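Contents: one structure, followed by commentary.
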Amino acid sequence: MFVQPVDYFLAVWFALALASTLYVAVDQYRNNPEPVVMKWGFILVTLYMGPIGLLLYVLADKEPRPGKHEEFVKPLWKQGAGSTIHCVAGDATGIILAAVITASLGLPMWLDLIVEYLAGFAFGLFIFQSLFMKSMMGGTYWENVRKSFLPEFISMNFMMAGMAPVMSLLMMGRDMRAMEPTELLFWGVMSLGVIVGFATAYPANVWLVARGLKHGLMTERPEAKSQAGHAGHDGRKGGDDDRHTDAGHSGMGAGATVPQLAAIGGVSVLALGLGMVSPANWVNMSLSAKDVRGAIMPPGMIMDRDTPADAMLDMAAADPRLISATFGPNVRGDQDAPFRMEGDVKVFDLEPTVIRWSILPGVTVDAYAYNGQIPGPRLHIRQGDTVRINVRNRLPEDTTIHWHGLILPNQMDGPAEITQKPIEPGGSYSYEFTAEQHGTYFYHPHAKPDRTQALGLYGALIIDPANPADEVTADHDYVIQLQEWLKREGLTYPAMPMEGGMPNYFTINGRAYPATDTIRMKVGETLKVRFVGTNNGFVHPMHIHGGPFQVVARDGETIPEAGRFLADTVNVGPGQRYDVVWTARRPGKWLIHCHIPHHTSNNNVEEKGGGGLMTVIDVAG
């Protein structure tokens with residue numbers, strides 16, 4: 001379990017529910033003169049409905065003064081409340097038990113609702129009505145089943161008509177922890193469902209009590225048991241007031257006509273059908289708890305009846321429970337990866353894990369990272385090197401690695417299900433190839449890249465030329481890897497250019513300004529900036545202040561000297577790389593930044609002159 005703001009409210013709610021239930025239980029057995037079945041009815045309903053159950057008990061059933069229970073519970077609205085309490089106690093118990101079982105089995109929501117309805121109806125009819133009321137109703141058990149069937153059917157239909165849409169729409173809403181019985185939110189949804197179900201069943205129960213088709217509240221005093229076994233709430237003695245078919249209301253038990261029963265029964269079926277079927281207009285009822293795995297969707301994501309589980313899982317928040325390590329602002333990404341030699345082969349090890357990464361002081365993201373770094377460790381090799389990269393997957397989902405822009409054997413290219421089987425959680429795979437090119441490249445996953453790359457899986461691959469004369473040199477060399485992040489309500493989602501996935505933080509090399517690096521130079525020195533579109537779902541027009549730069553390479557390919565050109569802005573698209581050489585002409589602080597103003601803010605806020613995709617070149621005179 002991990003905590004969200006709603007969980008604090010639910011913790012308080014259930015603490016109140018337990019306190020309310022304890023009060024009702026103690027007061028029922030110490031002070032309130034009514035049958036055991038109604039005592040348990042109020043106890044269970046208060047457990048499910050919390051303070052609302054306590055309110056109903058105090059207003060409708062709790063004896064106000066000794067000897068006044070019969071008179072106190074006489075009003076029809078109280079009798080209807082008592083009838084509904086009895087109905088809900090049995091039906092909701094069956095529904096909740098079934099919900100736990102069906103979620104554990106992974107049944108789709110539409111089948112889940114059907115099973116819950118049948119379980120609630122069966123528990124209410126066969127246990128709470130016919131069995132627990134047998135001594136009061138008289139007759140055989142199966143006679144009581146027959147007598148109770150129609151009232152229970154009508155009441156259950158109206159109750160489920162209220163519960164079904166609440167459960168469907170909330171369980172399949174943004175926070176699908178509501179489908180997991182191990183989560184507090186599941187029980188919160190069930191509690192709300194019972195409250196709504198009580199409200200929709202109450203009017204029908206008032207009518208059923210008024211027509212003598214269901215019992216209401218009853219009074220049972222010890223001194224009367226020896227005479228008749230029960231004393232009715234209006235003070236009359238005898239067995240009739242205990243019977244399921246007698247509401248105990250003088251002049252109100254006139255019964256119902258067949259057309260009336262047919263009408264209310266038909267309306268209850270219609271209400272049930274609407275409650276069970278209508279949610280399918282808005283949510284995908286074919287999904288189960290096992291399909292969505294407690295995923296939490298980003299605010300604003302469009303989810304409809306056609307949204308598949310895979311789309312939800314791709315957009316879901318990174319699970320904080322899986323974090324293996326936390327790294328503060330003093331830890332930097334893009335550090336040179338160590339290697340070892342095995343014969344003539346340079347061997348690197350990469351291990352993707354779930355971490356918590358600081359992008360600003362006080363702002364962290366739950367991320368996926370290679371070797372605990374964002375960006376992942378820089379693989380710095382030379383043209384002609386043979387390399388082997390061993391990948392061990394410590395993520396909760398499949399992965400691969402693609403070596404972006406490289407010429408290499410097809411089986412080393414990395415696309416999942418196309419050139420290789422995905423590396424499953426806990427699995428490993430080794431990539432081996434000889435670097436034929438030189439220049440600026442990068443690596444990233446090619447299994448669910450829209451999710452895993454957006455959560456931080458990428459790194460620079462810098463290949464020096466075999467002939468040093470082929471290198472465009474500069475006094476300083478700096479790699480800029482671009483990424484967008486989506487952090488809302490304490491959770492990190494994969495940023496994507498779609499509804500609900502738009503980013504609100506932006507980073508250069510895993511940091512947002514003002515936490516980005518400061519590049520220090522002197523007047524007259526040159527700086528090679530390698531812009532890498534590692535995880536940008538947008539085109540970023542990257543601009544350098546203080547004069548134009550020369551574009552010397554694009555996508556790893558060095559531009560012939562005659563083709564190089566001056567510019568002060570390059571549009572770095574997803575996957576693109578530009579190498580540019582900038583000369584420090586004058587002293588001062590000169591910016592490198594994206595020229596989309598929103599991308600130079602942090603959650604729409606500017607700090608110390610900006611944010612996001614900004615870094616400073618500090619040129620000394």
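Computed from a predicted structure; not experimentally measured. Reckoned from all heavy atoms, side chains included, excluding hydrogens, waters and symmetry mates.
Here the options are D175, L192, V283, L185, the test is side-chain contact (heavy atoms from CB on, under 4.5 Å), and the partner is L170; only L192 passes. Of the residues listed (Q481, H444, R577), the one engaging T534 in a side-chain contact (heavy atoms from CB on, under 4.5 Å) is Q481, and it is the only one. Of the listed residues (Y458, F442, Y431), just one forms a ring pair (Phe, Tyr, Trp, His ring centres under 6.0 Å) with W403, and that residue is Y431.
The shortest distance between side-chain heavy atoms of P165 and P279 falls below 4.5 Å. Between E351 and L395, every side-chain heavy-atom pair lies at or beyond the 4.5 Å cut-off. In this structure the side chain of V572 reaches within 4.5 angstrom of the side chain of L482, judged on heavy atoms. Taking 4.5 Å as the limit, every side-chain heavy atom of L105 sits out of range of all side-chain heavy atoms of T102. Counting heavy atoms from C-beta on, the side chains of L113 and S168 come closer than 4.5 Å. Counting only heavy atoms from C-beta outward, the side chains of T326 and W357 never approach each other to under 4.5 Å. Put simply, the side chain of L406 reaches to within 4.5 Å of the side chain of I463, judged on heavy atoms. Under the 4.5 Å side-chain criterion, counting only non-hydrogen atoms from C-beta, W590 is in contact with V619.
Taking every heavy atom of both residues into account, G612 and T516 meet most closely at O-CG2, 4.3 Å. Looking at every heavy atom in both residues, Q483 comes nearest to W485 through OE1-CZ2, 3.0 Å. Taking every heavy atom of both residues into account, I423 and Y429 meet most closely at CD1-CB, 3.5 Å. Taking each heavy atom of G414 and T419 in turn, the nearest pair found is N-OG1, 3.4 Å. Shortest non-hydrogen contact noted between I355 and I374 is CD1-CD1, 4.3 Å. Of all heavy-atom pairs spanning M301 and M312, the tightest one is CE-CA, 4.5 Å.
Environment of CD in E424: sparse, with no more than 12 heavy atoms of neighbouring residues, nucleotides or ligands closer than 6.0 Å. With a 6.0 Å radius and a threshold of 12 heavy atoms from other residues, nucleotides or ligands, D306 has its CG atom above the threshold. Counted within 6.0 Å of CZ on R378, heavy atoms from surrounding residues, nucleotides or ligands total more than 12; the atom is thus considered enclosed.
For T615 (side chain) and D517 (main-chain N/O), a donor-acceptor pair under 3.5 Å exists by modelled atom type. Side chain of R564 to backbone of T558: no donor-acceptor contact under 3.5 angstrom is found. The backbone N or O of M109 lies less than 3.5 Å from no partner atom in the side chain of D112, so there is not a single donor-acceptor pair. Counting only distance, with no hydrogens or angles, the side chain of N467 and the backbone of A469 share a donor-acceptor pair below 3.5 Å. At least one donor-acceptor pair under 3.5 Å links the side chain of D385 to the backbone N or O of R382. Using a distance-only test at 3.5 Å, with no hydrogens or angles considered, no donor-acceptor pair links the side chain of S601 to the main chain of N603. Remark: side-chain polar atoms of E525 are not paired, donor with acceptor, to backbone N or O of D475 under 3.5 angstrom. Side chain of T400 to backbone of H446: a donor-acceptor contact under 3.5 angstrom is found.
Annotation: cation-pi pair K346/F339 present, NZ/CZ under 6.0 Å from the ring centroid and within 45° of its normal.
Taking the six-membered ring for Trp, H599 and H593 have ring centres at least 6.0 Å apart.
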Review point. Yes or no on salt bridge (charged side-chain N to carboxylate O under 4.0 Å, His left out) for D477 and R530, after CA distance, side-chain angles and deciding distance?
Key: CA-CA 8 Å; D477 194 312; R530 302 175 189 254; 2.9 Å; yes
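Pairs passing the salt bridge (charged side-chain N to carboxylate O under 4.0 Å, His left out) check and including a residue from residues 451-464, sequence neighbours excluded, read E397-R451.
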